[in-house]
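Residue numbers start from 1 in every chain, and the chains themselves are labelled A, B, ... in the order their sequence lines are given, proteins ahead of strands. Just so we're clear, the structure is a prediction, and the values are computed from it rather than from any experiment.
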Amino acid sequence: MAVKAWTAETVVKGASQKKVVIENLTRTQIVMYAGASGDFNPLHTDEIFASKIAGYDTVFAHGMLSMGATGTLVTDVFGNGTLTGYGVRFRSQVFPGDTLTATATVTDVARHHDSTVVTADIETVNQKGEVVVSGTATAALPH
Amino acid sequence: MDTSFAGRVYPPSQPYEVGREKIREFADAVGAAHPAHRDPAVARALGYPDVIAPTTFAIIVTTSAADVVVYDPLLGLDYTRVVHRDQRFVQRRPLHAGDVVTVTVTVESARIVAGNALLSTRGDVYGADGELITSAYASLVSRAVQL
């Protein structure tokens, strides 16, 4: 089901929406993120460095790529201009081939004079159900 | 790691101009499909002067600004063992093309816990007129060497 933005009128505690934010992660997307962000840590883009020197099975995505992809759900549910805070903890690595599904669940709705402040838990899991990032987002939805 | 770095505030970074094509490139990389990241007319209809950046775009300027701390040899953080643990943004408004921003970095904390070095930084992103646009909080862990 397509994600629909919550409004001050429609949002309720417990409401939840989810979205596939990365499908079958390609090495190309990791390289695109390296270039876009300027983070050229070779753990993310250099297979020989990541496997033979650092001892990982293969390269893995920047945590900030997972946070950024998850952020597209956050702005889908809250809108771009209403977001006041977004924070996550990086819980496990994301590898080429992974598919990430992000979920936003409303935990608090506080109605003020000119806006409704909404807090949501944010959690993104891979295709095995392992949590890769989790955190919270807050937004002030205008009246 | 020298824990006395806690509380240090660094001089503002060099100005960075947010560009339309950089926003497009970043939006493509994270899969941000909203047309307000690409079409100035859509962004203007939403009340912005130009295309707006995806929510984590500020990391481009805040991470490079924090390099002055992270790579300071006097801090003594073993960057080869660093893991990004937490990231948080407190946002006043989205960045948009045409913003010229500077970042002021503060060392929020520098601690050693069970041999691991924990460094937390805050990057305050200011517009050209001194408006605070967003603050980025990053926590890095440099894991203890396993003997």
Side-chain angles (χ1 to χ4, degrees), chain A residues 3 5 19-23 25 28-43 49 53-54 61-76 78-93 100 102 133-140 142, chain B residues 16 19 21-37 42-43 45-48 51-67 70 79-96 134-141 146:
Chain A
V3 174
K19 171 184 164 184
V20 173
V21 293
I22 289 180
E23 192 158 14
L25 176 67
T28 303
Q29 187 172 0
I30 298 174
V31 171
M32 285 168 69
Y33 187 79
S37 67
D39 184 341
F40 294 104
N41 185 329
L43 283 172
F49 180 86
I53 297 169
H62 309 72
M64 286 306 300
L65 170 52
S66 302
M67 184 183 188
T70 300
T72 69
L73 171 71
V74 173
T75 49
D76 282 355
F78 285 142
N80 281 287
T82 58
L83 189 67
T84 55
Y86 172 37
V88 301
R89 172 158 289 189
F90 302 104
R91 298 206 174 268
S92 42
Q93 279 147 349
L100 304 187
V133 301
S134 63
T136 60
T138 55
Chain B
Y16 175 95
E21 296 307 329
K22 192 67 187 180
I23 288 176
R24 181 200 304 270
E25 186 188 346
F26 192 90
D28 285 347
V30 298
H34 199 288
H37 302 313
V42 172
L46 292 172
Y48 300 101
V51 292
I52 57 171
T55 176
T56 61
F57 184 90
I59 199 73
I60 295 171
V61 288
T62 59
T63 298
S64 62
D67 283 352
V70 173
Y79 199 73
T80 65
R81 309 186 67 81
V82 162
V83 176
H84 194 180
R85 187 175 66 164
D86 294 286
Q87 181 66 44
R88 181 164 63 93
F89 297 92
V90 174
Q91 179 179 290
R92 306 281 180 95
R93 66 163 173 84
L95 288 162
H96 58 73
T134 189
S135 298
Y137 296 78
S139 298
L140 306 177
V141 182
Q146 303 293 318

> Could you report the tightest heavy-atom contact between B/Y48 and A/G81, atom names first, then the distance?
OH-CA, 2.9 Å
> Side chain, backbone, both or neither: which part of B/Y137 has a heavy atom under 4.5 Å from chain A?
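Answer is neither: B/Y137 stays 4.5 Å or more from chain A.
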> If you count heavy-atom pairs under 4.5 Å with chain A, which of B/E25, B/H34, B/R85, B/K22 comes out on top?
B/R85
> Could you grab the distance from atom CD1 of B/I59 to atom OH of A/Y33, nearest 0.5 Å is fine?
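The distance works out to 6.5 Å.
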> Run the numbers on A/L83 and B/T55 for side chain to side chain contact (heavy atoms under 4.5 Å, CB included), then give the verdict.
CA-CA 8 Å; A/L83 189 67; B/T55 176; 3.2 Å; yes
> Counting heavy-atom pairs closer than 4.5 Å to chain B, which one of A/G68, A/A54, A/G71 comes out on top?
A/G68
> What closest approach, in Å, do A/N80 and B/H37 show between heavy atoms, and which atom pair accounts for it?
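Where A/N80 meets B/H37 most closely, the heavy atoms are OD1-CE1, 3.8 Å.
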> Looking at A/N41, A/T72, A/V88, which makes the most heavy-atom pairs under 4.5 Å with chain B?
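Sorted descending by pairs with chain B, the first entry is A/V88.
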> Given a strict heavy-atom distance threshold of 4.5 Å, which part of A/T75 is in contact with chain B: side chain, backbone, both, or neither?
side chain
> Considering heavy atoms only, which positions within residues 88-95 of chain B lie below 4.5 Å of chain A?
B/R88, B/F89, B/V90, B/Q91, B/P94
> Nearest 0.5 angstrom please: B/T56 OG1 to A/M64 CE, how far?
4.5 Å
> Does any heavy atom of chain A fall under 4.5 Å from the side chain of B/H96, the backbone, both, or neither of them?
neither
> Per the side chain to side chain contact (heavy atoms under 4.5 Å, CB included) rule, which among A/V21, A/T70, A/I22, A/L65 passes with B/V30?
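Answer to the side chain to side chain contact (heavy atoms under 4.5 Å, CB included) test with B/V30 among A/V21, A/T70, A/I22, A/L65: A/L65.
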